[in-house]
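Letters A, B, ... are given to chains in the order of the sequence lines, protein chains preceding strands, and every chain is numbered from 1. The figures that follow rest on heavy atoms only: side chains count, while hydrogens, waters and symmetry mates do not.
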Amino acid sequence: MPTPSKSLKAVRGTRDLLPPETALWNRVESIARSVFSRYGFGEIRTPIFEDTQLFARGVGEETDIVSKEMYTWSDGDRFSEKRIIDEWVRVNQSDNPAYVQAGRVNIQGNPPFLAKLKELGIQLQVWRGVQAANGLTGHVELVSFRPGVSADAIDRLMKARELAKSDPESQTQRFAVRLRLVIPMDGELGPWVDKRDVLVEPLAGKFFDSAQSLTLRPENTAGVVRAYIEHNLGDTGQLQKLFYIGPQFRRERPQRGRYRQFWQIGVEVLGPVTSGSESPLRDAEVLEMLATLLDELGVKNWRLELNSVGSSTDRPRYVAALREALAPIKHQLCEDNQRRAETNPLRVLDSKDPNDQALIDGLPKIADYLDDSSRDHFAQVRAALDACGVPYTVNPRLVRGLDYYTRTTFEFTVPSSGDPASGLGTQNALLGGGRYDGLSEMLGGPRAPGIGFAIGQDRLILTLQALAESNKSGTGTEPGAPGLASETWVQKLDAYIAPLGAERNAAALALARELRRSGLSVEVGDGAFRLKKSFEAADRVARHIVILGEDELASGILTVKTFATGEQTKIAHADLAQSLRA
RNA sequence: GCGGUUAUAGUUCAGUGGCAGAACGCCGCUCUGUGGCAGCGGAUGUCCUGGGUUCGAACCCCAGUAGCCGCCCCA
């Protein structure tokens, strides 16, 4: 028998969703689908991983998401040995022809050095290699790391290079040089490496032409816009109204309402300008739909915060002005804000640090940097919301983290600190979104202005659960929305069939099949259970218990008890399904 | 990446140097075809892992791992 292995657990930041909680997830999704369909949205499902470049270009290289939170790997299946060998030969022919023989490269093995590499844990990949039988000398025709070199591997390589430097006349020097030549990094080196030392000009491009860098999607907008471009949806001339529900991935430290695999429910409205995609009507429609959705879900006390970050030309002008205004006062701000002032001045506006508020209030306002058309757009959005009666607050400090946002940006929040009806710790943003008029072009597509949002489904669920909890305990509070912000989303089965004696099991299953086919939800007990146990089990999961004993089988008259009333009746087999439905 | 905090039965947790515990759940009996109540009985443990201190460690010390919460950032 094998020794028991260490038990496996869901990896950090991921979790299992189990019944009955999944029932709530399904209810939420079904309400969302129902609302979206009333507004003419169709579902889109995009791949869970995409080319890394999609997010780098779409979300923005400098955002935290792209710079440090993505799950990225090199797709090994696309790795071309042939290209590497060809390039290897080419480089070595120019470099040191003595080592090139008939299109192959021979490197003199150096057993002590090889042993040292092994000790350092460097993994050598050998293609068509020849080891001498005596084990002391041999020829290695091509040596390489596999693509996607880790920081750790580079670190070990650097140690090997140090070793080589200390003995410059030896074979190790030459060996290390060759190692350099085959590291496929494509310039994407981390800060832990001196590029002059390691970067490989001749081979890099070739490798990455064939080895594709893939990334688990950290958000879904970029993928939707990619699909829009790829399938020429703009050529239909129609406004595209799409929604998605699915997992996203960010490598962050988990906490309440934040997971490494998390779910978003989102929509995107985009299309050519002639389809009306740029119209403020669309912004307002999306916001009004969200208000409706949250109301139907039973979310209480949501708050809509609205802002405009201007067009793609307004925004850089404003950021420049912000930097200018921050420069002289930066040193008075808290440590976090000093850093933000450097890296992302917009985020300073978001700061909650009480000591900095006065200074922040004195900073330039985005509203003063909007051009006429952006200002007009924003005014029309607000007018439409007013007309619909959707309450909102203009928050001039609302900025959003993704680079693609233009003009309208928004956030729906629920009360956080100390409010039992929240359930979100300090993550009080339930959903966020905005307009992205330039995103399609950034991804190489046609002009396709759009607006969208993403609901943090995990956070939404937490909010609903907290609401259900406070409704249960709080006596005087108003009731939650029917069916959701309560525990009624756990449905009991219509019937539980209790066979008496194992001889009745077959008949019980046949009866269950019949009832289930007629649309009833049914559980079957086991004839080996004592009747008492059957009753206890039945009462937990079902509204009725159907007793199937010797008498019932013989007569065709079944005994049915209804738990809610305690009433017990005899019902003919033919009437059973109808009676259980009640 | 940084900080706080926690880790003991299936679950929620008590136990602060001396026999491994409670509640709920589970199984059995009282009660072989009538549950919810009650009584009685029972099973279930790497006390997170590894070191150390001690006659003796779930408990004290050190290190590690994991969970939760917060910062950053975001949904």
Report task. Sort out for me which residue in A:Gln264, A:Glu29, A:Gln248 forms a side chain to side chain donor-acceptor pair (under 3.5 Å) with A:Gln457. Result -> A:Glu29
Report summary line: Of the candidates B:rC72, B:rG35, B:rC71, the side chain of A:Arg253 sits closest to B:rC71
Query raised in the report: With respect to the side chain of A:Ile547, which nucleotide from B:rC73, B:rU34, B:rG36 is positioned closest?
Result: B:rU34
Requested in this report: Considering only atom C1', compute the distance from B:rA23 to B:rC61 and round it to an integer number of Å.
Outcome: 33 Å
Requested in this report: For A:Ala454 and for A:Gly549, find the nucleotide of RNA chain B with the closest heavy atom, then tell me which residue's nucleotide is more 5'.
Outcome: A:Gly549
Query raised in the report: Does the base of B:rA66 carry an N or O that pairs as donor and acceptor with the side chain of A:Arg12 under 3.5 Å?
Result: no
Report task. Tell me whether the OP1 or OP2 atom of B:rC69 has a side-chain N or O from A:Arg256 closer than 4.0 Å. Result -> yes
**Report entry** Nearest-angstrom distance, C1' atom, B:rU54 to B:rC59
**Finding:** 13 Å
Report task. With RNA chain B as reference, determine whether A:Arg530 or A:Asp551 sits nearer its 5' end, using the nearest nucleotide of each. Result -> A:Arg530
Query raised in the report: Any donor and acceptor pair, going by atom type alone, linking the side chain of A:Arg315 with main-chain N or O of A:Ser311 inside 3.5 Å?
Result: no
Query raised in the report: Residues in side-chain contact (heavy atoms from CB on, under 4.5 Å) with A:Ser277, at least two apart?
Result: A:Leu239, A:Ser275, A:Pro449
**Report entry** Touch class at under 4.0 angstrom, heavy-atom based, for A:Tyr259 against every strand present
**Finding:** base
Query raised in the report: Using a cut-off of 4.0 Å on non-hydrogen atoms, how would the nucleic acid contact of A:Gly432 be classed: base, sugar-phosphate, or nothing?
Result: sugar-phosphate
Query raised in the report: How far does the C1' atom of B:rA9 sit from the matching atom of B:rC13, given to the nearest Å?
Result: 11 Å
Query raised in the report: For B:rG36, does OP1 or OP2 lie under 4.0 Å from any side-chain N or O of A:Lys532?
Result: yes
Query raised in the report: Expressed as a whole number of Å, how far does the P atom of B:rU44 sit from that of B:rC55?
Result: 34 Å
Requested in this report: Using a heavy-atom cut-off of under 4.0 Å over every strand shown, decide if A:Leu500 touches base, sugar-phosphate, or nothing.
Outcome: base
Requested in this report: Using a cut-off of strictly less than 4.0 Å between a heavy atom of the residue and any atom of RNA chain B, enumerate the qualifying residues of residues 559-574 of chain A by number.
Outcome: A:Thr559, A:Lys561, A:Phe563, A:Gln568
